[in-house]
*Asks:* 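If you scroll down you'll find the structure; I have some questions about it.
As the structure is a computational prediction, the values presented were derived from the model and not from experiment. Here is the naming used below: chain letters follow the sequence lines, and residue numbers restart at 1 for every chain.
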2 protein chains.
Amino acid sequence: MTASGSPVRQSSVRAHNLALVLRTVANSADRPSRAAISTSTGLTRATVSALVDDLIAGGLLTEHDPAPRTGAGRPAAGLALSPAGPAGLGLEINVDYLAACVVDLTGDVRHRFVTQSDQRRLSPSASLASLGGLALRALEAASADGLAIAGAALAVPGLVAPNGIVRVAPNLDWQDVDAPALLNVLPGLGGLPITVDNEANLAALGELRADSGEQSFLYVSGEIGIGAGIVLDGELYRGGRGWSGEIGHVTVYPDGRPCRCGANGCLEQYAGQEQIAADADLAASALGIALAAVVNLLDISVIVLGGTYAPEFPRLRPGIEAELARRVLTAGLAPVTLRAAALGPDAAMRGAAGAVIQALIDDPAAFLIRTA
Amino acid sequence: MTASGSPVRQSSVRAHNLALVLRTVANSADRPSRAAISTSTGLTRATVSALVDDLIAGGLLTEHDPAPRTGAGRPAAGLALSPAGPAGLGLEINVDYLAACVVDLTGDVRHRFVTQSDQRRLSPSASLASLGGLALRALEAASADGLAIAGAALAVPGLVAPNGIVRVAPNLDWQDVDAPALLNVLPGLGGLPITVDNEANLAALGELRADSGEQSFLYVSGEIGIGAGIVLDGELYRGGRGWSGEIGHVTVYPDGRPCRCGANGCLEQYAGQEQIAADADLAASALGIALAAVVNLLDISVIVLGGTYAPEFPRLRPGIEAELARRVLTAGLAPVTLRAAALGPDAAMRGAAGAVIQALIDDPAAFLIRTA
DNA sequence: ATCGATTTGTTTATTGGTTGAATTATTTGG
DNA sequence: CCAAATAATTCAACCAATAAACAAATCGAT
C-alpha cells in the first residue's frame with residue numbers, strides 16, 4: 001500500500017484560504033465586508049484584504065457600495081460573487097428530452113434551452129450531436145453576454161465511471177459511451193473541460209445549492225427508472241466506482257414482481273412512473289420501506305423527492321411517512337423530514353451547471369492560475 | 001447559514017505534514033528511510049528530516065539500523081513507529097462480558113483482560129465500575145512497561161451521540177448514560193480522555209487497521225443484535241447523529257415476523273444469533289437481501305462478516321452470495337467480495353484501542369504540543 | 001463646524017515553514 | 001585508495017500569514 005495524501009506547501013495554504021474566503025461570500029445571505037469575512041473565518045483583516053484583491057482581480061468577486069448604514073465608523077464595501085465572472089454550462093440528456101443551460105457564478109440561470117425528442121431510437125453519437133447543437137446555442141448566448149464558460153457538466157440517466165465514460169444507461173440503450181470525447185469533437189466544444197455524472201447525483205447537488213441549510217440528505221429521483229443522490233456532510237457520495245444510489249433495485253418484496261434486472265421485488269416495480277399512476281398507495285408504501293432502510297443504514301434525517309415524485313408528493317407523503325415511522329429504529333428519537341424537491345424538472349441540468357461553478361468556488365486558485 | 005471551514009496558517013502546514021510523514025511510516029511494510037519518505041510524499045528531504053526529528057523527539061518514531069544492504073551509498077536509517085510511544089486503552093462492554101486492552105503505537109496488543117459476566121442485571125454505573133477495575137489493571141500493566149496512555153475508547157452495543165452519551169443500548173437496558181463521566185470519576189481514570197462509540201463502528205475500524213488495502217467496506221457484526229460499521233474511503237461514516245449502520249432493522253420481509261422494535265420483518269428476526277442456529281439458509285438469504293440493498297445504495301465492493309457470523313462464515317457464504325448475485329444491479333460489472341473478519345471476537349475492543357492511536361497518527365502535532 | 005470615537009481597510013516589519021542548492025557522511029566497486 | 005553513489009544536514013531565499021501601526025471615512029456630541 002502506498003502512502004496517501006499529498007504534501008502541503010505555502011501555495012496550498014493560499015489556495016485553501018482563497019477558497020475559504022470565496023465560500024464565505026458565496027454562503028452569505030448579505031454582502032459581507034472584508035472585516036466581516038475576517039471575523040467569520042478567523043483570518044486577519046490584512047490577509048482577507050490580500051485574498052479579496054486576488055479574487056477581484058480574477059473576476060470572481062465584485063465590490064459594491066453597502067446599502068445599510070449602521071453605526072459609526074468607515075462604511076464597509078460589500079463583496080459579492082460577480083455575475084460577470086466565469087459561468088457553468090449544464091447539459092442533460094434524457095429519454096425524451098435534451099437540455100442545456102448557462103448558470104453564472106451567482107447561481108442565476110442566464111440561458112436555458114430544452115428540446116423534446118425521443119432519444120431511444122438514436123445512436124449515442126447522434127443524440128450527443130443534437131445536444132452539442134443545443135450547447136453551442138447556449139455558448140453563443142453566453143458569449144453575447146460577455147460570459148466566459150469555465151466548463152461543462154453532463155447529466156445522464158445511467159452508471160458513469162469516474163473518467164466520464166457512461167458504462168450503461170438502460171433507458172437510453174447506451175453501453176460504454178465516451179461522452180466527453182464525443183462532445184469535445186463537436187464544433188465550439190473543443191477545449192471545454194466536460195465532466196459527466198449520474199442524473200440523480202447532479203440533481204442532488206442542485207438541491208444542495210438551491211435549498212440552504214441541509215448538509216446531509218437523500219435525493220430520490222423518480223423518472224423512468226428510480227435513482228438517488230446521496231449527500232453527506234455537504235458532499236456527494238459517489239461510492240467506490242461511482243455507482244451509488246441505485247435505490248430502484250433495492251429489494252422491497254423478496255418474492256415480488258420480476259424486474260428487468262433479473263431480480264424480484266425491486267422498488268422500481270412498485271414505485272416507477274407507471275406504478276404510481278396505477279396505485280399510489282402501493283408506491284408510497286414501497287418507497288417507505290426502501291427509504292426506511294436508507295435511514296437505518298445512513299442515519300439521514302432529510303429525504304427530498306424529485307422528478308415525477310415532486311408533483312405527486314402530497315399523495316405519496318402519508319404512505320411514506322407511515323412506513324418510516326414504523327420501520328426506522330430511531331424514529332422515536334428524532335424525526336425524518338420529507339419534502340418535495342425545490343427545483344422542478346430542471347434539477348439535474350441546473351445541478352450540472354452548478355457543479356461546474358461549485359468546483360470553481362471550491363478551488364478558485366486553479367482558475368486564477370489558469371487565467372493569469 | 002454560517003461559513004464552514006477554518007483558516008489555514010503555517011502551523012497547520014506543519015501539522016499536516018507531520019501527519020503525512022507519520023502516516024507514511026505507519027502504512028509502510030518495511031522501515032522507510034527519510035529519503036524514501038521524501039520521494040513517496042513529495043516533500044523535500046530537508047523537510048522530511050526536520051519533521052522526523054520532531055517525531056523522534058516526541059517519542060513517536062524510532063530509528064533503526066537498516067538490515068538490507070542494497071547498493072553503493074550511505075546506508076539509510078530505517079524509521080518505524082516506536083513501541084515505547086504512547087499507547088491506547090481499548091474498552092468494551094457487552095451483554096455477557098467486559099474487556100480491556102492496551103495497544104501500543106505499532107498496533108501490538110500488549111495487555112488484554114476479559115471477564116465473563118452478565119451485565120443485564122446490573123445498573124450502568126455498576127457495570128462501568130467493574131469495567132473501571134479492569135481498566136485500572138490494564139493501566140497498571142502498561143505503566144509497568146513504561147507506556148504512557150494517550151487516551152481510551154469504549155465500545156458499547158448501542159446508539160451513541162457524538163458527545164459520548166449512550167442514548168440507548170437495548171440489550172444492556174441502558175438509556176442516556178453518560179459513560180465518559182461515569183468512568184472519569186473512577187480511581188486511576190481521572191484525566192484520561194475517553195471517547196465512546198458503537199461496537200460495530202469500532203470493530204469496523206479494527207478491521208480497517210488489521211487488514212490492509214480495503215478502504216471502503218461494510219463490517220457486519222452479528223451479536224445479540226445486528227449492527228454494521230460503514231467505512232468509506234478509509235473513514236468511518238457515522239451519519240448525521242452518529243446512528244448509522246442499523247442494518248439489523250432493515251426490512252427484509254415487509255409483512256414478516258414482528259420485531260421488538262415494533263416493525264415487521266427486520267433482518268434481526270431472521271439472522272440473529274438464535275435464528276442462525278435454527279435455520280442457517282434462511283439467515284443467509286435474509287442477510288443477502290439486506291446486503292444487496294447496501295451495495296446498491298453505497299456501491300461498496302467488500303463486505304466483512306464479524307462477530308458470531310465469522311465462525312459461521314462457510315455455512316452462510318453460498319446463500320448470501322446467491323442473493324447478492326441476483327439482487328445487486330452491478331453484479332455483472334464487478335463482483336462483491338465477501339469475507340470473514342480477520343480479528344475475532346476482540347475486534348471491537350482492539351478497534352477501540354486502535355481508534356485512540358489512529359487519532360494520534362492522524363494528528364501528531366496535537367500530541368507533540370501537549371507533551372512538549 | 002469641529003473634535004473624538006469608531007469601524008474599515010492598508011502598510012510594514014516579523015515569524016514560521018518549505019524549498020533548493022551546497023555540504024557532509026558513509027558505503028560499494030574498481 | 002579513490003571515484004561514484006546514496007543518505008542526511010545546513011543555510012540562504014522565498015512565500016504567506018500575523019500583529020501592530022496607520023490612513024480613511026463616517027457618526028455623535030459639544
*Asks:* Whole Å only: how far is the CZ atom of A:Arg14 from the P atom of D:dC15?
*Replies:*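 For the pair A:Arg14 CZ and D:dC15 P, the rounded distance is 11 Å.
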*Asks:* Would the distance check show the side chain of B:Asp197 and the main-chain N or O of B:Leu202 forming a donor-acceptor pair, the cut-off being under 3.5 Å?
*Replies:*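 Such a contact is absent between B:Asp197 side chain and B:Leu202 backbone.
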*Asks:* Who are the side chain to side chain contact (heavy atoms under 4.5 Å, CB included) partners of B:Leu154, not counting sequence neighbours?
*Replies:*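 Residues passing side chain to side chain contact (heavy atoms under 4.5 Å, CB included) with B:Leu154: B:Leu91, B:Ile93, B:Leu128, B:Leu131, B:Val156, B:Ala179, B:Leu183, B:Val196.
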*Asks:* For B:Val13 and for A:Ala36, find the nucleotide of DNA chain C with the closest heavy atom, then tell me which residue's nucleotide is more 5'.
*Replies:*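 Going by which nucleotide is closer to the 5' end, it is A:Ala36.
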*Asks:* Enumerate the protein-to-nucleotides 28-30 of chain D contacts in which both atoms are nitrogen or oxygen and the separation is below 3.5 Å.
*Replies:*
none

*Asks:* A:Ile369 CD1 to D:dC15 P: how many Å, rounded?
*Replies:*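 In whole Å, D:dC15 P and A:Ile369 CD1 are 13 Å from each other.
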*Asks:* Could you pull out the closest heavy-atom pair between B:Leu89 and B:Val356, with the gap in Å?
*Replies:*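 In terms of heavy atoms, the two residues are closest at O-CG2, 4.2 Å.
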*Asks:* Is a side-chain N or O of A:Thr44 found less than 3.5 angstrom from the main chain of A:Ala46, in a donor-acceptor match?
*Replies:*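 Judged by distance alone, no pair lies under 3.5 Å.
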*Asks:* Among residues 44-53 of chain A, which residues get a heavy atom nearer than 4.0 Å to DNA chain D?
*Replies:*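 Going residue by residue through residues 44-53 of chain A, the ones with a heavy atom under 4.0 Å of DNA chain D turn out to be A:Thr44, A:Ala46, A:Thr47.
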*Asks:* Is the shortest distance from a Lys or Arg side-chain nitrogen in B:Arg34 or B:Glu63 to a carboxylate oxygen in the other one below 4.0 Å?
*Replies:*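 Answer for the salt bridge query: yes.
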*Asks:* Can you tell me which nucleotide in D:dA25, D:dA16, D:dA7 comes closest to the side chain of B:Ala76?
*Replies:*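 Selected nucleotide (nearest to the side chain): D:dA7.
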*Asks:* Does A:Arg74 get its side chain close enough to the base of C:dT7, under 3.5 Å, for a donor-acceptor pair?
*Replies:*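 Between C:dT7 and A:Arg74, which were checked side chain against base, a qualifying N/O pair under 3.5 Å is absent.
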*Asks:* Output yes when at least one side-chain N/O atom of A:Arg9 is less than 4.0 Å from OP1 or OP2 of C:dG17, else no.
*Replies:*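 No, A:Arg9 has no side-chain N/O under 4.0 Å of OP1/OP2 on C:dG17.
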*Asks:* Where the side chain of A:Asp104 meets the backbone of A:Gly107, is there a donor-acceptor pair that is under 3.5 Å apart?
*Replies:*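 Judged by distance alone, yes, a pair lies under 3.5 Å.
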*Asks:* So, OP1 or OP2 of D:dA16: does either fall under 4.0 Å of a side-chain N or O from A:Ser11?
*Replies:*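 No, no such contact exists.
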*Asks:* Between A:Leu61 (CG) and C:dG9 (C1'), how many Å, whole number?
*Replies:*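 Whole-Å distance recorded here is 16 Å.
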*Asks:* Any sub-3.5 Å donor-acceptor pair from B:Tyr237's side-chain atoms to B:Ser244's backbone N or O?
*Replies:*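 Checking the backbone N and O of B:Ser244 against the side chain of B:Tyr237, no donor-acceptor pair under 3.5 Å is found.
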*Asks:* Check the distance between D:dA8's P and B:Arg34's CZ and give it to me in whole angstrom.
*Replies:*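 Distance, rounded to whole Å: 6 Å.
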*Asks:* Applying side-chain contact (heavy atoms from CB on, under 4.5 Å) to A:Arg110 and A:Asp145, what does each step give before you reach the verdict?
*Replies:* CA-CA 9 Å; A:Arg110 299 284 282 262; A:Asp145 287 357; 3.9 Å; yes
*Asks:* Indicate whether OP1 or OP2 belonging to D:dA17 is found under 4.0 Å from a side-chain N or O atom of A:Asn17.
*Replies:*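 Yes, A:Asn17 has a side-chain N/O under 4.0 Å of OP1/OP2 on D:dA17.
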*Asks:* Using modelled atom types and a 3.5 Å cut-off, is there a donor and acceptor pairing between side-chain atoms of B:Asn198 and backbone atoms of B:Asn201?
*Replies:*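 Yes, the answer is positive, given that a donor and an acceptor are paired below the 3.5 Å cut-off.
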*Asks:* Between D:dT18, C:dT26, C:dG16, which one does the side chain of A:Leu43 approach most closely?
*Replies:*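 The answer is D:dT18, which lies nearest to the side chain.
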